[in-house]
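Notes for the one structure printed next.
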There are 2 protein chains.
Amino acid sequence: MAKPSNLADASQALPDPNEARVPMDSALDDLIGYAMRRAQLKLFQNLIGRLSDHDLRPAQFSALAIIEQNPGLMQADLARALAIEPPQVVPLLNKLESRALAVRVRCKPDKRSYGIFLSKTGETLLKELKDIAAQSDLDATAALDGQEREELLRLLKKVYQD
Amino acid sequence: MAKPSNLADASQALPDPNEARVPMDSALDDLIGYAMRRAQLKLFQNLIGRLSDHDLRPAQFSALAIIEQNPGLMQADLARALAIEPPQVVPLLNKLESRALAVRVRCKPDKRSYGIFLSKTGETLLKELKDIAAQSDLDATAALDGQEREELLRLLKKVYQD
DNA sequence: TATTGTTATACTCTATAACTATA
DNA sequence: TATAGTTATAGAGTATAACAATA
């Protein structure tokens, strides 16, 4: 297929190959969704790098924090809190159990379900991970001052809690 | 492995099964990264739903907008602008070409490379897609007023442009 | 020898259907 | 029959190595 007749006029406006190698976006520049995706990727990559020292993924850190706040919760609850499907909880919890950070305990009247709890090891590591995550946050938003950071957090919560 | 000795104290504080089924996060509540991930997922899902009417993905929309701003750019440039690897550009561009929205043209002195351009069809559709994306933005951030939306955009740009 | 685009491949993430064991 | 957890599987998204054509 060579140069179809509906090819847009483009023979002019070719960017100088010697100038900035990163094309500008325009059109996308006014979209909150676009800016948020790029900012989120930056924060996520930063956190992934820091957590990798402990061989953990962000979802595993989130799971530990949610378990701490809701000891004894069921896997279905954890899935809902993490906004993932129940089958995805299985390998995640298996990993946490194999590292002795959390445990499944059959303790409910309903013998089908487990209560999920942190181990002492998990509680101790989670303390450290919270500091790491807070530092990652500061690092990835270093362009903001404290007041801007608080305002950003407030606005983001307002968006997702709606 | 049954109830290891380092199991954290958890026999108390079990959430009432009759109350809110969504466990709270705490610990995560002060993290910009966590709030941004949740807000970003909300915006992304909204946009995915709206673009699906046109059988397009967000990355394909972004590609169209970038091509419009940089007619004649090479695939390596597009990959860099989209923050993806060159091999991922191939199926993306194949899709846009099969839909007659964009074209690869061998027109450079370097016969290895292509210049990428929008077709007239692509230009027309892109106009519509921009409105859709803007509406998606407004919809997913309906909890914010105009001033908050501008402030959020400003802060996000400051973060990712750093 | 280096580079553009491409193919092949693999690894992760995510989602769905089906299975088990309890209820 | 319905539910909690699990298994199996398939589809995206993403990354790397290797190849062909060209420089």
Side-chain angles (χ1 to χ4, degrees), chain A residues 1 17 21 23 37-38 40-42 44-45 47-49 51-52 55-63 67 70 72-98 102-117, chain B residues 1-2 17 21 23 37-38 40-42 44-45 47-49 51-52 55-63 67 72-98 102-117:
Chain A
M1 184 201 304
R21 236 56 205 83
R37 172 146 177 84
R38 300 197 60 150
Q40 197 270 326
L41 278 174
K42 179 173 181 174
F44 211 58
Q45 286 311 121
L47 182 62
I48 287 173
L51 289 179
S52 70
D55 189 27
L56 284 177
R57 301 276 313 169
Q60 296 167 329
F61 161 60
S62 296
I67 296 168
N70 304 272
L73 84 170
M74 296 195 306
Q75 296 187 196
D77 299 325
L78 183 56
R80 217 168 319 113
L82 288 170
I84 63 180
E85 297 301 312
Q88 300 173 48
V89 174
V90 177
L92 190 155
L93 261 185
N94 288 348
K95 175 79 169 181
L96 297 183
E97 270 201 325
S98 74
V103 288
R104 287 181 256 226
V105 183
R106 285 241 197 250
C107 59
K108 299 287 187 58
D110 185 335
K111 293 203 197 75
R112 290 171 302 182
S113 66
Y114 297 93
I116 311 172
F117 302 91
Chain B
M1 185 202 301
R21 236 57 205 81
R37 172 146 177 84
R38 299 197 61 152
Q40 197 270 327
L41 278 173
K42 179 174 181 173
F44 211 58
Q45 286 311 121
L47 183 62
I48 287 173
L51 289 179
S52 71
D55 190 26
L56 284 178
R57 300 276 313 168
Q60 297 167 329
F61 162 60
S62 296
I67 296 167
L73 84 169
M74 297 194 306
Q75 295 187 195
D77 299 326
L78 183 56
R80 218 168 317 115
L82 288 170
I84 62 179
E85 297 301 312
Q88 302 173 48
V89 173
V90 177
L92 191 156
L93 261 184
N94 288 349
K95 173 80 170 181
L96 296 183
E97 270 200 326
S98 75
V103 287
R104 287 181 255 227
V105 183
R106 285 244 197 248
C107 60
K108 299 289 187 56
D110 185 336
K111 292 202 196 77
R112 288 171 305 181
S113 66
Y114 298 93
I116 311 172
F117 302 91

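Letters go in sequence order (proteins before strands), and every chain restarts at 1.
- In terms of position on DNA chain D, the residue among Gln75(A) and Arg57(B) whose nearest nucleotide sits closer to the 5' end is Gln75(A).
- A heavy atom closer than 4.0 Å to some atom of DNA chain D occurs in Glu85(B), Pro87(B), Gln88(B), these being the qualifying members of residues 85-92 of chain B.
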Exercise answer: donor-acceptor pairs, residues 87-96 of chain A side-chain atoms, under 3.5 Å, sequence neighbours excluded:
residue, atom, partner, partner atom, Å
Asn94(A), OD1, Arg104(A), NH2, 2.1
Asn94(A), ND2, Val90(A), O, 3.3
Lys95(A), NZ, Asp55(A), OD2, 3.0

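- Ile116(A) places none of its side-chain heavy atoms less than 4.5 Å from the side chain of Met74(A).
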Using the 3.5 Å cut-off, write out each protein N or O paired with an N or O of nucleotides 1-3 of chain C and the distance between them.
residue, atom, partner, partner atom, Å
dT3(C), O4', Arg112(B), NH1, 3.3
dT3(C), O2, Arg112(B), NH1, 2.3

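- Applying the salt bridge (Lys or Arg N to Asp or Glu O under 4.0 Å) test to every pair with at least one member in residues 81-94 of chain B, sequence neighbours left out, gives no pairs at all.
- Between Lys111(A) and Ala83(A), it is Ala83(A) whose nearest contact on DNA chain C lies nearer the 5' terminus.
- For Arg112(A), the side chain to side chain donor-acceptor pair (under 3.5 Å) test picks out Asp110(A), with sequence neighbours left out.
- Atom-to-atom, CD of Gln60(A) to P of dT12(C) comes out at 11 Å; the value is rounded to the nearest Å.
- Reading DNA chain D from its 5' end, the first and the last nucleotide to sit under 4.0 Å from a heavy atom of chain B are dG13(D) to dA23(D).
- Residue Leu93(B) contributes atom CG, which lies 16 Å from atom C1' of dT7(C) at whole-angstrom precision.
- One distance of note links CG of Leu47(A) with OG of Ser62(A); it measures 8.0 Å at 0.5 Å rounding.
- For Leu41(A), the side chain to side chain contact (heavy atoms under 4.5 Å, CB included) partners are Arg37(A), not counting sequence neighbours.
- Under the side chain to side chain contact (heavy atoms under 4.5 Å, CB included) criterion, Arg57(A) pairs with Ile48(A), Gln60(A), sequence neighbours left out.
- Taking each heavy atom of Ile67(A) and Ala102(A) in turn, the nearest pair found is CD1-CB, 4.4 Å.
- When the nearest nucleotides of DNA chain D are assigned to Ala59(B) and Pro109(B) by heavy-atom distance, the more 5′-ward of the two goes with Ala59(B).
- Taking each heavy atom of Cys107(A) and Phe117(A) in turn, the nearest pair found is SG-CE1, 4.3 Å.
- Rounding to the nearest 0.5 Å places CG of Leu82(B) at 11.5 Å from CD of Gln75(B).
- Tyr114(A) places its OH atom 11 Å from the C1' atom of dT22(C), with the value rounded to the nearest Å.
- Within 4.0 Å (heavy atoms only), Pro58(B) reaches no atom of the nucleic acid at all.
- Taking atom CD1 of residue Ile48(A) and atom P of nucleotide dC11(C), one finds them 18 Å apart after rounding to whole Å.
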